[in-house]
Trainee: 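Dumping the structure here so I can ask a few things about it.
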Amino acid sequence: MSQEASNASAALEGATQVSHKAHGFRRKMIGRVIKGKMNKTVVVECVTAHRDPLYGKYIRRRTRYQAHDETNQYKVGDEVEIEEHRPISRHKRFVVVRLVKKFVEE
């Protein structure tokens, strides 16, 4: 009986570990940092292209998101990946996950 209890507790621990990692579907987008003057916040502009249904031209659409940057390490021009998160403040619903490409001045 003790072995069954230990198996049940192991299964329960495994289930709780999975639930911590699984948050459902969270959007991930890649964009460029355009503003970085706020404390622990950067403004990321994501540009997407979609096709016009009537004319067939590709139209660029840009959307700006405020994203949480805990260490203030991302600067203007950096290309970063942001991910959806629970609301952090009034406008912040994204977190910077990683740096895709560092901005290099020529």
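Predicted, not measured: the structure shown is a model, and the values here were computed from it.
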Trainee: For the pair Asp52 (side chain) and Lys57 (backbone), establish whether a donor and an acceptor sit closer than 3.5 Å, ignoring hydrogens and angles.
Mentor: no

Trainee: With a 3.5 Å distance limit and no angle check, can you tell me whether Arg93 reaches the backbone of Arg90 through a side-chain donor-acceptor pair?
Mentor: yes

Trainee: Does atom NZ (Lys102) have a neighbourhood of more than 12 heavy atoms from anything else shown, all under 6.0 Å?
Mentor: yes

Trainee: Are Arg61 and Val47 side-chain neighbours, meaning at least one heavy-atom pair lies under 4.5 Å?
Mentor: no

Trainee: Answer whether the closest heavy-atom distance between the side chains of Ile34 and Arg64 falls below 4.5 Å.
Mentor: yes

Trainee: Does any part of the side chain of Lys40, heavy atoms only, come nearer than 4.5 Å to the side chain of Asp69, both counted from C-beta?
Mentor: no

Trainee: Does Glu79 reach the main-chain N or O of Val100 with its side chain, forming a donor-acceptor pair under 3.5 Å?
Mentor: no

Trainee: Are any of the side-chain heavy atoms of Tyr65 and Ile82 separated by less than 4.5 Å?
Mentor: yes

Trainee: Rounded to the nearest 0.5 Å, what separates atom SG in Cys46 from atom NZ in Lys28?
Mentor: 13.5 Å

Trainee: Between atom CG of Asn72 and atom NZ of Lys37, what is the distance when rounded to the nearest 0.5 Å?
Mentor: 13.5 Å

Trainee: For side-chain hydrogen bond (donor to acceptor under 3.5 Å, both in side chains), just list the numbers for Glu83 and His85, CA-CA rounded to whole Å, side-chain angles, deciding distance to a tenth of an Å, and then say yes or no.
Mentor: CA-CA 6 Å; Glu83 181 181 43; His85 194 269; over 6 Å; no

Trainee: Considering non-hydrogen atoms only, spot the tightest contact between Gln73 and Asp78 and give its length.
Mentor: O-OD2, 4.4 Å

Trainee: Quick check: do Thr63 and Thr48 have side-chain heavy atoms less than 4.5 Å from each other?
Mentor: no

Trainee: Do Tyr74 and Leu99 come within less than 4.5 Å of each other through their side chains, counting heavy atoms only?
Mentor: yes

Trainee: For Arg32 and Gly77, indicate whether the former's side chain and the latter's backbone hold a donor-acceptor pair under 3.5 Å.
Mentor: yes

Trainee: Quick one, Val42 and Val96 - any side-chain contact, counting heavy atoms below 4.5 Å?
Mentor: yes

Trainee: Verify the cluster assignment for Met29 and Val33: are they in a single hydrophobic cluster under the rule of side-chain heavy atoms below 4.5 Å apart?
Mentor: yes

Trainee: One pair to check against side chain to side chain contact (heavy atoms under 4.5 Å, CB included): Val44 and Val80. What are the steps and the verdict?
Mentor: CA-CA 8 Å; Val44 179; Val80 295; 3.9 Å; yes

Trainee: Taking C-beta and beyond as the side chain, do Phe94 and His68 meet within less than 4.5 Å on heavy atoms?
Mentor: no

